[in-house]
Structure formats: C-alpha cells, structure tokens
Amino acid sequence: MSASAFTLNDLRTVLLEAAGTDENVDLAGDILDSDFEQLGYESLALLETAGRIERTHGISLDEEALAEASTPRRLIDLVNSHLTAATA
C-alpha cells in the first residue's frame, strides 16, 4: 500500500482481500463514483474493509463518516484526510 496517499488501487486490493468481489463487477473499471451497494459490497464487507485500512495505516475512521462514504471516491478521500491529519 502507498505510504503517502491511499489510492484507488489500494482500495481495490483491500476490497478483494476483505470481501472478494461479485463476478459481475469489474473493479478494474471506472468505479470511483459507483455506490458500494452497486458494486456488491454491503455494510459488513465495508466494515471489514475499514478495519483492514485502519490496521494497515494506523488510523481510526469515524463510524458516521464511514457510513457517509458510500462510494470509493468518498472512502479514499476520508482515508486520505485521516492520513494527512496523522502525519501533521
């Protein structure tokens, strides 16, 4: 995983490790603004994903903010804001 910023590729890796993927979903495509539900990830899969991100990067994601991060773009922005705050 990238040490300086959390990227879409980092998220793809974590999603696959934490919850796998539906065979009808192409995570390699343009998924930044797709709802996680459309991508086949329900709340339990996202909690596992968030837990892995927290452990790997040494951050703690707020549950309310995590619930609002309904797309990969929003989750990446959330993680990066925590990474920036942690290094400040």
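For the numbers below, each heavy atom of this structure counts, side chains included, while hydrogens, waters and symmetry mates do not. Computed from a predicted structure; not experimentally measured.
Only one option out of L15, L47, V14 pairs with R52 in a side chain to side chain contact (heavy atoms under 4.5 Å, CB included); it is V14.
With sequence neighbours left out, L16 forms a side-chain contact (heavy atoms from CB on, under 4.5 Å) with T21, L27.
Using modelled atom types and a 3.5 Å distance limit, the side chains of T7 and D10 yield a donor-acceptor pair.
Side-chain contact between L66 and L75 is present, with heavy atoms from C-beta onward closer than 4.5 Å. Residues L11 and T49 meet the side-chain proximity criterion, which asks for heavy atoms closer than 4.5 Å.
Between the side chain of T56 and the backbone N or O of I53, no donor-acceptor pair lies under 3.5 Å.
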Counting only pairs under 3.5 Å, give me each side-chain donor-acceptor contact of residues 37-46, with atom names and distances, residues two or more places apart or in other chains.
{"from": "Q38", "atom 1": "OE1", "to": "D35", "atom 2": "N", "distance (Å)": "3.2"}
{"from": "Y41", "atom 1": "OH", "to": "G20", "atom 2": "O", "distance (Å)": "2.6"}
{"from": "E42", "atom 1": "OE2", "to": "A45", "atom 2": "N", "distance (Å)": "3.3"}

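Smallest separation of non-hydrogen atoms from A86 and I59: CB-CG2, 4.4 Å.
Sorted by first and then second residue, the salt bridge (charged side-chain N to carboxylate O under 4.0 Å, His left out) pairs involving residues 53-74 (not counting sequence neighbours) are D33-R73, E48-R55.
In this structure, CG on L8 lies 5.0 Å from CG on L32, to the nearest 0.5 angstrom. The CD1 atom of I76 sits 11.5 Å away from atom CG of L83, with the distance rounded to the nearest 0.5 Å.
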